[in-house]
Each structure stands twice: as structure tokens, then as C-alpha cells.
Amino acid sequence: YIAMLAVHHSMRKRGMGSKLVQLAVVAMRATCDEAVLETEVTNTGALRLYETLGFVRDKRLSRYYLNGNDAFRLKVWFPPKSPLTAETQQFRPHEAQPVEAAS
């Protein structure tokens with residue numbers, strides 16, 4: 001679960017948000033079946049970023065935020081791993097790859 005992701009406004013449009021999500025997803029793939037996050041339905045920049053990285057809209061959450069706005073729950077599912085792959089996979093941040101789209 002990705003609970004919070006923020007990039008300072010002065011540092012946006014430089015690929016940092018994308019890289020942060022990719023690093024989180026690479027770390028999660030070793031032990032998880034999926035990655036999940038929520039974002040406001042009005043946050044078009046975040047939705048574009050997550051969907052570009054393979055996340056899909058799973059559910060709309062009515063009045064999810066304290067300000068009364070709805071959210072989308074987004075998920076990306078990881079392909080099944082053989083037991084050997086799961087045990088031997090190592091996290092290497094410098095080799096982060098884009099998230100694959102769910103099939």
C-alpha cells in the first residue's frame with residue numbers, strides 16, 4: 001500500500017513522482033501480489049502518472065477525504081512468481097523499471 005506520495009511543486013515535471021512510485025513498486029513486488037493507492041478524483045496529474053505506470057481504477061470511494069471529495073482506489077497486480085524467483089529477487093533501486101500494465 002502506498003499511503004502518501006508528494007513532490008514539492010518546484011520539483012514537479014522532472015520525473016521524481018514517477019521514480020518514487022517505481023521504487024516503491026519494485027520493493028513491493030518481492031513480497032506482494034499487488035500495489036494499492038488512493039487519489040482524489042480531481043487530481044488529474046496523479047491519475048495520469050499512476051495510469052501511465054500501469055495502475056487501473058479499481059473503485060470510486062465516495063467522500064473519502066476530509067474535504068468531502070471522492071477518491072479512486074487504484075491497483076496494479078504483479079505477475080505470479082515461482083518460489084525461486086521470490087526468494088532470490090533483490091531490491092536494486094538503480095535498476096527500477098516502469099510498472100507493467102495489468103493483464
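Looking at Phe78 and Asp33, their side chains never come closer than 4.5 Å, going by heavy atoms from C-beta outward. In this structure, the side chains of Tyr65 and Glu38 come closer than 4.5 Å at one or more pairs of heavy atoms. Leu20 places a side-chain heavy atom less than 4.5 Å from the side chain of Val7. A heavy-atom distance below 4.5 Å is found between the side chains of Leu74 and Thr39.
Contact between Val41 and Ala71 at its shortest, heavy atoms only, is CG1-C, 3.8 Å. In plain terms, the two heavy atoms of Gly54 and Val76 that are nearest each other are O-CG2, 3.7 Å. Nearest heavy-atom pair, Ala24 versus Ile2, reported as atom, atom and distance to 0.1 Å: CB-CD1, 4.1 Å. Contact detail for Gly17 and Leu5: the closest heavy-atom pair is O-CD2, 4.1 Å.
Here the side chain of Arg73 pairs no donor or acceptor atom with the backbone of Arg57 at under 3.5 angstrom.
The hydrophobic clustering, which links ILVMFWY residues whose side-chain heavy atoms are closer than 4.5 Å, places Tyr64 and Leu37 apart. Linking Ile, Leu, Val, Met, Phe, Trp and Tyr whenever their side-chain heavy atoms come within less than 4.5 Å puts Leu61 and Tyr1 in one cluster. Val56 and Val36 fall into different hydrophobic clusters, where Ile, Leu, Val, Met, Phe, Trp and Tyr residues are linked whenever their side-chain heavy atoms come under 4.5 Å apart, directly or through other members.
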Output a table of donor-acceptor pairs, distance under 3.5 Å, between side-chain atoms of residues 42-50 and any protein atom two or more places apart or on a different chain; print 'none' if there are none.
from	atom 1	to	atom 2	distance (Å)
Asn43	OD1	Ala46	N	3.1

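How far CZ of Phe55 is from CZ of Phe72: 15.5 Å, rounded to the nearest 0.5 Å. Taking NE2 from His8 and CZ from Arg12, the interatomic distance works out to 8.5 Å, rounded to the nearest 0.5 Å.
For Asp70, the salt bridge (Lys or Arg N to Asp or Glu O under 4.0 Å) partners are Arg60, not counting sequence neighbours.
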- [ ] Check the pair Asn69 / Arg63 against side chain to side chain contact (heavy atoms under 4.5 Å, CB included), numbers first and verdict last.
- [x] CA-CA 5 Å; Asn69 285 353; Arg63 301 183 55 81; over 6 Å; no
